[in-house]
Amino acid sequence: MADTVLDLVADARREDEVVGLLCDAARSGVPRPLLLSTLARRPVLRHRRMVADLLGDADARVESPLELRFDRDVEYAHGLPRSSAQVRERVGAGWIRADRRYRELGVRVELDGRLAHDGRADADAWRDNVVRVESGDITLRYRWRHVVTSPCAIASQLAAALSRRGWRGAPRRCGVTCGL
């Protein structure tokens, strides 16, 4: 299975496809050590560095291309604090998992990919309300198009929320065209 995953990675045209393939492999139960050992036997592979970086990340923050883009294009590019990822906790009568959480500041970020969240808006809103009532945390919710087309606007909004909750840092511009 690891060879098949890497064959598909070699044929991928875009970074998002590579991340998607690796996330699908992880969800399907392909062990990370097996993928790494198979990668080691292939000195030449398109996207090799990216695969090695993603598989070598023991933090396992990224579970989708959307999360990779958020971490890279919003948090890191704008000097925002690093959030905790995939935070699982009990809220109300059940368990939830936040995509990104700034625990000490009471801010959560939910990244809603279209395929995973179609038809879930009502359930997501209910969950956000329960979180707000029980813990006082606020939830900022972004979709694929927001993260891809407006990472600077997201960084600005997130920085404002974090600042109102006690963050003393300041975001940085990611480049000359950054609207921050």
Side-chain angles (χ1 to χ4, degrees), residues 8-9 12-28 47 50 53-54 57 59-89 91-92 94-165 167 169 171-175 177-180:
L8 293 169
V9 162
R13 299 248 184 257
R14 299 170 312 153
E15 284 185 345
D16 292 337
E17 289 178 66
V18 173
V19 175
L21 288 164
L22 294 175
C23 290
D24 288 346
R27 281 189 286 273
S28 298
H47 307 293
M50 180 179 200
D53 287 347
L54 289 170
D57 180 8
D59 194 12
R61 293 177 56 85
V62 175
E63 292 188 351
S64 73
L66 179 58
E67 290 179 0
L68 175 71
R69 284 176 177 255
F70 178 84
D71 287 354
R72 181 189 68 200
D73 301 343
V74 177
E75 266 189 5
Y76 178 77
H78 294 94
L80 297 173
R82 186 168 167 101
S83 59
S84 298
Q86 316 310 332
V87 177
R88 188 173 185 270
E89 55 200 339
V91 173
W95 288 91
I96 65 168
R97 197 169 76 156
D99 291 323
R100 299 292 183 268
R101 182 154 187 229
Y102 303 86
R103 184 181 309 270
E104 65 283 353
L105 298 168
V107 176
R108 296 163 184 263
V109 174
E110 292 296 336
L111 301 166
D112 296 341
R114 192 185 78 223
L115 292 177
H117 291 80
D118 275 349
R120 295 219 21 188
D122 289 343
D124 289 344
W126 189 260
R127 181 186 68 183
D128 294 347
N129 292 343
V130 170
V131 164
R132 180 72 173 160
V133 168
E134 287 194 8
S135 70
D137 286 3
I138 61 168
T139 301
L140 303 177
R141 188 171 294 280
Y142 302 107
R143 302 213 187 307
W144 175 263
R145 72 179 173 275
H146 302 134
V147 175
V148 171
T149 63
S150 306
C152 301
I154 292 172
S156 178
Q157 186 176 69
L158 179 55
L162 294 172
S163 292
R164 286 186 175 239
R165 296 295 190 111
W167 180 52
R172 68 172 177 256
R173 293 171 51 111
C174 65
T177 61
C178 182
L180 189 62

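A pairwise comparison of heavy atoms in Phe70 and Val147 identifies N-CG1, 3.8 Å as the closest pair. Nearest heavy-atom pair across Cys152 and Gly179 is CB-N, 4.1 Å. Minimum heavy-atom separation, Gly106 to Arg165: O-NH1, 3.3 Å. Smallest separation of non-hydrogen atoms from Leu180 and Pro171: CD2-CB, 3.5 Å. Minimum interatomic distance between Cys174 and His78 (heavy atoms only, all atoms of both residues): SG-NE2, 3.5 Å. Nearest heavy atom pair, residue Glu110 against residue Ala98, reads OE2-CA, 3.2 Å.
Counting only heavy atoms from C-beta outward, the side chains of Asp99 and Gln86 approach each other to under 4.5 Å. For the pair Asp16 and Arg69, the minimum side-chain heavy-atom distance is below 4.5 Å.
When atom types are taken as modelled, the side chain of Arg100 and the backbone of Val109 share no donor-acceptor pair closer than 3.5 angstrom. A side-chain donor-acceptor contact under 3.5 Å links His47 to the backbone of Ala12.
The distance from the CD1 atom of Ile138 to the CG atom of Leu105 is 9.5 Å, given to the nearest 0.5 Å. Note that the CG atom of Leu8 and the CG atom of Leu21 stand 5.5 Å from one another [nearest 0.5 Å]. Here CZ of Arg141 is found 11.0 Å from CZ of Arg108. Values are rounded to the nearest 0.5 Å.
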Problem set entry | Residues Met50, Val19; criterion side chain to side chain contact (heavy atoms under 4.5 Å, CB included); working and verdict | CA-CA 9 Å; Met50 180 179 200; Val19 175; 3.4 Å; yes
What donor-acceptor contacts under 3.5 angstrom involve side-chain atoms of residues 153-164, with partners at least two apart or in another chain?
from, atom 1, to, atom 2, distance (Å)
Gln157, OE1, Tyr142, OH, 2.6
Ser163, OG, Ala159, O, 2.9

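More than 12 heavy atoms of other residues, nucleotides or ligands sit less than 6.0 Å from atom CZ of Arg27.
Listed by chain and residue number, nothing satisfies the side chain to side chain donor-acceptor pair (under 3.5 Å) test with Arg172 (two or more places apart in sequence, or in another chain).
Looking at Arg101 and Glu89, a side-chain N of the basic residue comes within less than 4.0 Å of a carboxylate O on the acidic one, giving a salt bridge.
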